[in-house]
Amino acid sequence: MMRAFLLTPALMLGGCISLLPEQPPPPRIYVLEAGEVVHAEAPALAAVISVAAPTGERSILGGDLVWREGDELIIIGQSQWSARAEASLQSMLVETLARQGRFRAATPSGEARGDYEIRWEVLDFEVSAATMHARFAADVKLVAVPGRAVIAQRHVAAEAELTERTSSAAANALARAAREGSARIGEFASEAAAQASAASISR
């Protein structure tokens, strides 16, 4: 009788544990990487370019994937970037510039002395529910080093279509839009740097 009495609390405890709510599934983790990059046919400029970390709203440069409906930004649940978008976008642009081969070298700002620096503000990096497109947009400046004189400025934008309303489709489209935007920034930077170099030689 005593043994049966002692077993009763353990059985009751086991029953209580089974009634607790189940833990939510872990978030799906997505990466932002440069992917395939077309190498430029023109010879590389004899210059080093550095890339500053982008500025912009923390809601689109954090670790969350963002869905836009009208004027409302909605966080896509149970989904995250593997790193903050701010850091991943900077790394993506550095890698894109390096693979394009338009400059002698490309590096994050602060790691090496450069001849030019890209400073940029990310304006859009979200999925539009209205158009079912991921959009990347940034205001980009090419700055001379030293001196910090602005050589050129351009608004760069790129879009990628979503195939379905899922977090994986949203992450894929956002990555494709960012890759296309990075490629266009690289083209802009090399063109502006080449023109600045030619102008300085002709003086």
Side-chain angles (χ1 to χ4, degrees), residues 28-58 60-66 79-127 133-145 151-161 168-194 196-197:
R28 301 189 69 175
I29 307 297
Y30 301 100
V31 296
L32 274 172
E33 297 177 334
E36 295 184 6
V37 178
V38 177
H39 193 277
E41 296 181 359
L45 294 172
V48 175
I49 188 166
S50 61
V51 178
T55 62
E57 295 183 8
R58 60 182 180 180
I60 61 175
L61 291 180
D64 297 311
L65 281 70
V66 179
S79 303
Q80 292 180 349
W81 296 117
S82 59
R84 288 181 57 83
E86 173 187 12
S88 295
L89 290 172
Q90 181 188 23
S91 297
M92 178 186 289
L93 182 51
V94 171
E95 188 172 354
T96 299
L97 287 162
R99 292 186 181 183
Q100 285 179 333
R102 297 174 184 272
F103 292 87
R104 187 173 67 220
T107 179
S109 293
E111 287 194 2
R113 182 176 179 179
D115 301 288
Y116 302 99
E117 183 182 40
I118 291 177
R119 295 186 177 183
W120 50 321
E121 179 184 5
V122 176
L123 306 175
D124 291 316
F125 188 52
E126 72 263 337
V127 175
H133 278 73
R135 177 172 170 79
F136 169 88
D139 278 338
V140 186
K141 296 183 181 71
L142 183 68
V143 178
V145 180
I151 295 174
Q153 181 174 1
R154 182 176 297 179
H155 177 83
V156 175
E159 293 187 349
E161 186 178 3
S168 59
N172 180 272
L174 284 166
R176 286 186 285 122
R179 288 168 188 155
E180 179 61 28
S182 293
R184 294 178 183 180
I185 292 173
E187 294 171 2
F188 153 70
S190 63
E191 292 171 1
S197 177

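Treat the numbers as computed from the prediction; the structure is a model and nothing was measured. Along the sequence shown, residues are numbered consecutively beginning with 1.
Within the 4.5 Å cutoff, side-chain heavy atoms of Ile49 are placed close to those of Ile118. Side-chain contact check for Met92 versus Val94: every heavy-atom pair is 4.5 Å or farther apart. Between Ser79 and Tyr30, some side-chain heavy-atom pair lies under the 4.5 Å cut-off. In this structure, Leu93 and Trp120 have side chains that are in contact, with non-hydrogen atoms separated by less than 4.5 Å. With contacts defined as side-chain heavy-atom distances shorter than 4.5 Å, the pair Glu191/Arg154 qualifies.
Heavy-atom minimum distance, Ala170 versus Val127: CB-CG2, 3.9 Å. For the pair Ala193 and Leu142, the tightest heavy-atom approach, listed with the atom from each and the gap, is N-CD2, 3.6 Å. Taking each heavy atom of Val122 and Pro54 in turn, the nearest pair found is CG2-CB, 3.7 Å. Taking every heavy atom of both residues into account, Ala160 and Ala177 meet most closely at CB-N, 4.0 Å. Across all non-hydrogen atoms, the minimal contact from Ala152 to Ala192 is CB-CB, 3.7 Å.
For the atom pair CG (Asp139) and NE2 (His155), the distance works out to 6.0 Å, reported to the nearest 0.5 Å. Between Tyr116 atom OH and Ile151 atom CD1 the span is 5.0 Å, to the nearest 0.5 Å. Rounding to the nearest 0.5 Å places CZ of Arg28 at 11.0 Å from CG of Leu65. One distance of note links CD of Glu159 with NE2 of His133; it measures 5.5 Å at 0.5 Å rounding. Separation of atoms CD (Glu187) and OG (Ser182) is listed at 11.0 Å; rounding is to 0.5 Å.
Applying the salt bridge (Lys or Arg N to Asp or Glu O under 4.0 Å) test to every pair with at least one member in residues 92-103, sequence neighbours left out, gives these pairs: Glu95-Arg99.
Applying the salt bridge (charged side-chain N to carboxylate O under 4.0 Å, His left out) test to Asp124 and every residue at least two apart in sequence or in another chain returns Arg135.
At a cut-off of 3.5 Å, with distance as the only test, a side-chain donor of Ser109 or Glu117 sits close to an acceptor on the other residue.
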Inset, instruction - For Leu174 and Phe125, run side chain to side chain contact (heavy atoms under 4.5 Å, CB included): C-alpha distance rounded to whole Å, both residues' side-chain angles, the deciding distance at 0.1 Å, then the answer. - result: CA-CA 7 Å; Leu174 284 166; Phe125 188 52; 4.0 Å; yes

Inset, instruction - For the pair Glu180 and Arg176, evaluate salt bridge (Lys or Arg N to Asp or Glu O under 4.0 Å) and give the outcome as yes or no after the intermediate values. - result: CA-CA 6 Å; Glu180 179 61 28; Arg176 286 186 285 122; over 6 Å; no

Inset, instruction - Give the C-alpha distance, both sets of side-chain angles, the deciding distance and a yes or no for side chain to side chain contact (heavy atoms under 4.5 Å, CB included) between Thr107 and Val48. - result: CA-CA 8 Å; Thr107 179; Val48 175; 4.3 Å; yes

Inset, instruction - Evaluate the side-chain hydrogen bond (donor to acceptor under 3.5 Å, both in side chains) criterion for residues Ser190 and Gln100: first the C-alpha distance (whole Å), next the side-chain angles of each, then the deciding distance (0.1 Å), finally the verdict. - result: CA-CA 10 Å; Ser190 63; Gln100 285 179 333; over 6 Å; no

Inset, instruction - Before giving the answer on side chain to side chain contact (heavy atoms under 4.5 Å, CB included), spell out for Asp115 and Arg104 the whole-Å C-alpha distance, their side-chain angles and the decisive distance to 0.1 Å. - result: CA-CA 10 Å; Asp115 301 288; Arg104 187 173 67 220; 4.2 Å; yes

Just list the side-chain donor-acceptor pairs under 3.5 Å for residues 80-90, sequence neighbours left out, or say none.
residue: Arg84; atom: NH2; partner: Leu61; partner atom: O; Å: 3.4
residue: Ser88; atom: OG; partner: Arg84; partner atom: O; Å: 3.4
residue: Gln90; atom: NE2; partner: Val51; partner atom: O; Å: 2.9

